[in-house]
Amino acid sequence: MKQIRPYPRALITKKAARALAAGHPWVFAGEVLRLEPASLDGHTAENGDIVDVVEENGTWHGSGLLSEASTIRIRLITRNANDRFDNAFWSRKLTWAWKRRVTALGNRALPGCESDLTCCRILFSEADGFPGLIVDKYEDVLVAQVGTVGMQKLRSQIYPLLLDVLAQDGIAIRGIYERNDSPSRTKEGLPLEKGWFDASNASSTRIIVHENGIAFDLDLENSQKTGFFLDQKYNRRAVRRLAKDRRVLDCFSHVGPFGLNAAAGGASFVRCVDVSQTACDLAHENARLNNLDDRMEFTCANVMKYLPDLAGDKRYLREQGGPFDLIVLDPPAFTKSRSTVKHAMHGYQEINELAMKLLPRGGYLATCSCSHFMTTELLKKTLHYAARNAGVSLLQLEERQQAPDHPILWGVPETHYLDFFIFQVI
């Protein structure tokens with residue numbers, strides 16, 4: 001860079017420069033050679049500040065947020081040397097992110113249902129250029145998760161701009177609730193906390209939301225993640241299309257979205273199973289809320305034990321509503337690090353093998369993984385082993401991913417984390 005810029009500089013290794021040139025937006029701690037003060041006024045970078053990322057030969061690669069406590073030392077926010085980080089910059093990025101959702105989701109609603117923008121992800125961290133910031137929209141409430149010290153410092157600037165962007169489309173938001181309780185914040189030296197960003201907007205965190213024409217009673221404060229798993233929206237529709245007149249087993253059911261979609265699609269019976277009694281109670285309440293409880297039952301159990309019990313006892317299988325001809329497996333991430341992938345593969349193989357054995361020939365299996373460490377190819381290999389051990393063949397009907405409001409940024413494999421398959425067992 002020949003021009004003089006007003007930002008401190010991080011000098012990086014050639015290895016880091018190659019990764020940035022290939023599209024990845026991170027610089028790791030061991031790839032930062034040193035930090036230098038800004039050329040204009042000599043100020044040095046503080047934790048969470050914006051720094052220029054430069055090779056020793058002067059080649060500029062972008063600007064990013066400094067995280068002194070994290071092994072991911074810098075996360076890029078721009079590769080455009082003309083950008084200045086004022087309100088106009090952030091408003092422009094927020095507008096792009098929102099318009100992506102309008103384009104991707106705006107006309108996908110089911111006939112007679114609410115807009116698919118009623119509940120959706122607005123900001124998806126690196127994929128939208130806001131590293132460490134996730135914002136989900138639930139009706140007239142935004143739920144945010146802040147995972148980096150840079151976004152922690154910037155959120156007071158970003159949140160009002162986001163509300164303005166939504167207001168321009170006639171969307172009024174009554175409050176922003178922060179779920180900053182993810183353990184990953186400790187890697188940034190940030191405290192775990194949750195609450196309304198603006199205390200003057202404080203109100204109940206119980207809210208009725210609508211997705212795919214189904215009402216859900218959510219607890220935004222205490223549910224998993226930001227309150228719901230919005231990334232499975234269209235995968236739930238795919239299960240709904242298969243469910244008519246079938247007996248459905250929904251495993252790892254959480255508050256019942258797959259099971260409710262199956263019931264709404266005409267399933268003759270749905271059994272939801274989850275290890276959390278609170279989740280089962282909410283799922284039952286959601287069934288009553290939608291007048292679907294006459295065809296749904298709920299079991300609080302560990303799926304890893306429940307499936308073997310079903311497979312080993314035909315009488316118990318009948319008592320639970322089986323035999324089932326559609327099984328949904330939506331487990332939590334079995335691995336959150338590369339070192340535990342082999343253990344995770346064993347877990348995925350076990351539950352899928354049991355499901356395949358429980359299904360009759362011609363039955364359907366909807367199964368997924370939500371860990372980016374469990375790559376598509378590893379999941380396919382695991383499912384192949386499960387089918388071989390179960391003595392069945394799989395006819396693939398669909399291969400799906402996360403909903404498009406959770407966009408996948410090529411060059412950043414961490415943004416592709418959900419794989420979803422529908423098979424017929426033959």
Side-chain angles (χ1 to χ4, degrees), residues 101 104-105 108-110 113-122 124-125 127 134-138 143 145 209-218 220 223-243 248-265 267 270 272-276 279-280 282-283 286-287 290 292 296 303 326-334 348 351-352 355 364-372 374 376 379 383 397-408 415-423:
R101 274 71 184 177
L105 307 182
R108 290 196 182 201
L110 292 170
C113 292
E114 73 290 339
S115 164
D116 278 358
L117 295 166
T118 300
C119 293
C120 67
R121 175 152 293 180
I122 297 177
F124 184 36
S125 199
I134 288 172
V135 179
D136 288 341
K137 177 179 178 292
Y138 296 98
V143 180
Q145 284 188 324
V209 306
H210 298 83
E211 181 196 83
N212 295 339
I214 296 173
F216 293 90
D217 182 353
L218 298 186
L220 301 179
S223 293
Q224 297 184 45
K225 302 295 184 180
T226 64
F228 201 53
F229 296 99
L230 297 170
D231 47 10
Q232 294 274 30
K233 178 186 301 186
Y234 297 126
N235 298 334
R236 291 193 274 265
R237 284 193 195 176
V239 166
R240 184 173 181 163
R241 291 194 297 267
L242 278 178
V248 180
L249 176 61
D250 177 14
C251 297
F252 310 98
S253 57
H254 191 226
V255 296
F258 272 109
L260 287 163
N261 271 274
V270 178
C272 292
V273 184
D274 197 275
V275 72
S276 165
C280 287
L282 280 170
N286 288 329
N290 292 277
L292 296 171
M296 299 184 69
V303 172
L326 169 58
I327 296 178
V328 180
L329 298 177
D330 181 22
F334 283 171
Y348 286 116
I351 60 172
N352 280 281
Y364 293 90
L365 172 65
T367 186
C368 67
S369 165
C370 62
S371 169
H372 83 269
M374 189 69 176
T376 307
L379 181 59
L383 292 170
L397 302 184
E398 292 196 55
E399 178 179 353
R400 307 176 63 88
Q401 297 166 336
Q402 63 234 44
D405 52 342
H406 298 62
I408 297 169
T415 61
H416 178 183
Y417 66 93
L418 178 61
D419 287 293
F420 187 94
F421 291 92
I422 297 178
F423 299 106

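Model, not experiment: these values are computed from the prediction.
- The two residues D274 and A279 make their nearest non-hydrogen contact at OD1-CB, 3.8 Å.
- Not one N or O on the side chain of S125 forms a donor-acceptor pair closer than 3.5 Å with the backbone of I134.
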(request) Could you walk me through whether D405 and K137 pass salt bridge (Lys or Arg N to Asp or Glu O under 4.0 Å), step by step? (result) CA-CA 11 Å; D405 52 342; K137 177 179 178 292; over 6 Å; no
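- With contacts defined as side-chain heavy-atom distances shorter than 4.5 Å, the pair M296/L260 qualifies.
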(request) Could you check Y138 against L230 for side chain to side chain contact (heavy atoms under 4.5 Å, CB included), going step by step and ending with a plain yes or no? (result) CA-CA 10 Å; Y138 296 98; L230 297 170; 4.0 Å; yes
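- Between P407 and R101, the shortest heavy-atom contact is CD-NH2, 3.4 Å.
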(request) Before giving the answer on side chain to side chain contact (heavy atoms under 4.5 Å, CB included), spell out for L365 and F421 the whole-Å C-alpha distance, their side-chain angles and the decisive distance to 0.1 Å. (result) CA-CA 8 Å; L365 172 65; F421 291 92; over 6 Å; no
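- Side-chain contact between V239 and N235: absent, with no pair of heavy atoms (C-beta onward) separated by less than 4.5 Å.
- P331 has its side chain within reach of I351: a pair of non-hydrogen atoms, C-beta onward, lies under 4.5 Å apart.
- In this structure, F420 CZ and C370 SG are separated by 12.0 Å, a value rounded to the nearest 0.5 Å.
- Minimum heavy-atom separation, F252 to D330: CB-O, 3.1 Å.
- The shortest non-hydrogen separation linking A263 to L292 is CB-CD1, 4.1 Å.
- I422 has its side chain out of reach of R241: every pair of non-hydrogen atoms, C-beta onward, lies at least 4.5 Å apart.
- Inter-residue side-chain proximity for H254 and Q232 is flagged as unmet; no heavy-atom pair is nearer than 4.5 Å.
- No donor-acceptor pair under 3.5 Å is formed between the side chain of D250 and the backbone N or O of V270.
- Evaluated for a side chain to side chain contact (heavy atoms under 4.5 Å, CB included) with K233, the options E211, R121, Q402, H406 yield exactly one hit, E211.
- Side-chain contact between N212 and C113 is absent, with no heavy-atom pair separated by less than 4.5 Å.
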(message) With side chain to side chain contact (heavy atoms under 4.5 Å, CB included) as the criterion, how do N290 and I214 come out once you've worked through the C-alpha distance, each side chain's angles and the decisive distance to 0.1 Å?
(response) CA-CA 7 Å; N290 292 277; I214 296 173; 3.5 Å; yes
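- Side-chain contact between T376 and H416: present, with at least one pair of heavy atoms (C-beta onward) separated by less than 4.5 Å.
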(request) Report the C-alpha distance between L105 and Y234 in whole Å, list the side-chain angles of each, state the deciding distance to 0.1 Å, and finish with yes or no for side chain to side chain contact (heavy atoms under 4.5 Å, CB included). (result) CA-CA 10 Å; L105 307 182; Y234 297 126; 3.3 Å; yes
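- Taken to the nearest 0.5 Å, the CD1 atom of I327 stands 10.0 Å off from the CG atom of N352.
- Listed by chain and residue number, F124, A127, I408, L409, V412 satisfy the side chain to side chain contact (heavy atoms under 4.5 Å, CB included) test with T415 (two or more places apart in sequence, or in another chain).
- Taken from OH in Y364 to CD in E398, the straight-line distance is 11.5 Å, to the nearest 0.5 Å.
- For the ring-ring contact (aromatic ring centres under 6.0 Å, His included) test, residues two or more places apart in sequence or in another chain that qualify with F334 are Y348.
- Contact of the P257 side chain with the F228 side chain is registered, since non-hydrogen atoms from C-beta on lie closer than 4.5 Å.
- Considering CD of Q401 and OH of Y417, their distance stands at 11.0 Å, rounded to 0.5 Å.
- Listed here is the closest heavy atom pair of C119 and V209: SG-CB, 3.6 Å.
- One finds the SG atom of C120 at 8.0 Å from the CG atom of D136 (value rounded to the nearest 0.5 Å).
- Across every non-hydrogen atom of S369 and L379, the tightest pair is CB-CD2, 3.9 Å.
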